[in-house]
Each structure stands twice: as structure tokens, then as C-alpha cells.
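The block underneath contains the structure these notes are about, expressed in C-alpha cells.
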Amino acid sequence: MAAKKRYWLMKSEPGTYSIDDLQRDGSTCWEGVRNYQARNFMRDEMRVGDEVLYYHSNASPPGVAGLARVCREAYPDHTQFDPSSKYHDPKATGDEPRWFMVDIEHVETFDDVVSLEEIKADDRLDGMLVRQRGQRLSIQPVEAEHFRRIRTLGRRAGAGRP
DNA sequence: GCCAACGTTGGC
DNA sequence: GCCAACGTTGGC
């Protein structure tokens with residue numbers, strides 16, 4: 001029996017890799033995660049077909065820029081073995097990789113970012129981790145209702161505004 | 001650019 | 001196992 005589909009929020013700095021980059025590439029490997037909690041989500045819980053809110057951090061404004069989908073489940077992040085990579089981890093070995101990544105594919109780019117400000121102001125998004133001050137986790141689980149609400153806001157934003 | 005919040009490291 | 005020092009994240 002297939003596991004129930006889950007929903008996630010994944011952060012990226014648009015200066016590094018934006019939703020437009022993802023749209024251009026079609027899909028990408030999510031390299032460079034070096035936080036154990038985020039790694040565990042990818043390695044243990046993310047499944048093909050899970051849906052993703054693509055979040056632009058360190059952006060103006062910060063917020064959800066579009067949607068993506070998991071298209072390959074966890075496998076070792078190759079950059080940990082590469083001494084020339086800034087993600088190199090000298091303690092990782094091929095036999096015992098420490099870091100994993102998934103692949104995600106582009107689904108949709110919102111006309112306008114659903115800003116963090118908007119997310120914080122919406123009562124229906126109460127409890128979203130990204131609203132919490134000091135929440136730095138780059139991969140966060142998201143409730144289905146919150147995912148749908150953000151998607152609605154993202155689709156409404158471009159067309160509905162004066 | 002600032003800096004608060006957080007995670008990791010390493011001496012003890 | 002404690003915790004100070006350090007590095008990073010990310011909103012502002």
C-alpha cells in the first residue's frame with residue numbers, strides 16, 4: 001500500500017537557485033543540505049509524488065514562489081565526497097555517506113510570491129513552522145490544508161489584483 | 001549590513 | 001555531559 005502523500009516546504013535562496021532556475025531545468029537534485037533534521041526528512045520520509053512549497057529565503061520579499069514535486073527518493077549527495085565543493089564533508093565515505101538528497105521537479109511558478117508577511121497574517125495558516133521566529137530548518141513538513149491554502153493564495157495573487 | 005536565534009564543535 | 005565559542009541562517 002502506498003504511503004500517504006506528504007507536503008513539504010523547501011527553502012532556497014533565489015540568488016543561489018530560484019524557482020525560475022527550477023522551471024528552466026525541469027528538475028534538480030537538492031544538494032547541499034547539511035542539517036540532520038532536514039536530512040532525515042529527505043532520507044526517511046520524502047516519497048516520489050510528495051508536493052513541495054518552493055520557498056525563497058533571503059529574498060525580498062521572502063515567501064513561497066511556486067510549487068514542486070519530489071521525483072526521486074533519497075540517494076547520497078555527491079558533493080560530500082568532492083574536496084573542491086563547499087559542501088565537502090571529510091568524514092563522509094562512499095561506504096558510509098552522511099548526507100542525502102532528493103530530486104524535485106518544477107510544477108508551477110506563482111505570478112506573485114506568497115510573502116512571509118501574507119503567510120503570517122492569514123489565520124488559516126496558523127501553526128505553519130515557517131511563521132515561527134528563529135525557525136531555520138530548510139525543509140519543513142507542511143499540513144495538507146496549509147499547502148492547499150498557499151496554493152490558492154499563489155494562484156489568486158496574479159489574476160485577482162488591481 | 002546587522003544581529004538574534006539556532007546548530008555544531010571541541011575542550012574539559 | 002556540560003557549555004563556551006564559533007559558524008550559519010534568514011528576516012529585517
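Labels below follow one simple rule: chain letters A, B, ... track the order of the sequence lines, proteins then strands, and each chain is numbered from 1.
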Task: C:dC12 OP1/OP2 closer than 4.0 Å to side-chain N/O of A:K120 - done: yes
Task: 5'-most by nearest nucleotide on DNA chain B - A:N58 or A:K91 - done: A:N58
Open item on the list: Looking at A:Y36, I'd like to know whether one of its side-chain N or O atoms comes within less than 4.0 Å of OP1 or OP2 on B:dT9.
Closed with: no
Open item on the list: Does a side-chain N or O of A:K11 approach OP1 or OP2 of C:dG10 to a distance below 4.0 Å, or not?
Closed with: yes
Open item on the list: From the set B:dG10, C:dG11, C:dG10, return the single nucleotide nearest to any side-chain atom of A:R136.
Closed with: C:dG10
- [ ] Check the side chains of A:Y36 and A:R98 for a donor-acceptor pair under 3.5 angstrom, ignoring hydrogens and angles.
- [x] yes
TODO: For A:K86 and C:dT8, give me the distance from atom NZ to atom C1', rounded to whole Å.
DONE: 11 Å
Task: Distance-only side-chain donor-acceptor flag, A:Y87 / A:D82, under 3.5 Å - done: no
Open item on the list: Is a donor from one side chain sitting under 3.5 angstrom from an acceptor on the other, for A:Q23 and A:T109?
Closed with: yes
Open item on the list: Rounded to whole Å, please give me the gap between CZ in A:R39 and C1' in B:dT8.
Closed with: 14 Å
Task: 5′-ward residue of the pair A:Q37/A:R133 relative to DNA chain B - done: A:R133
Open item on the list: What I want to check is whether the side chains of A:T79 and A:R34 have a donor and an acceptor closer together than 3.5 Å.
Closed with: yes
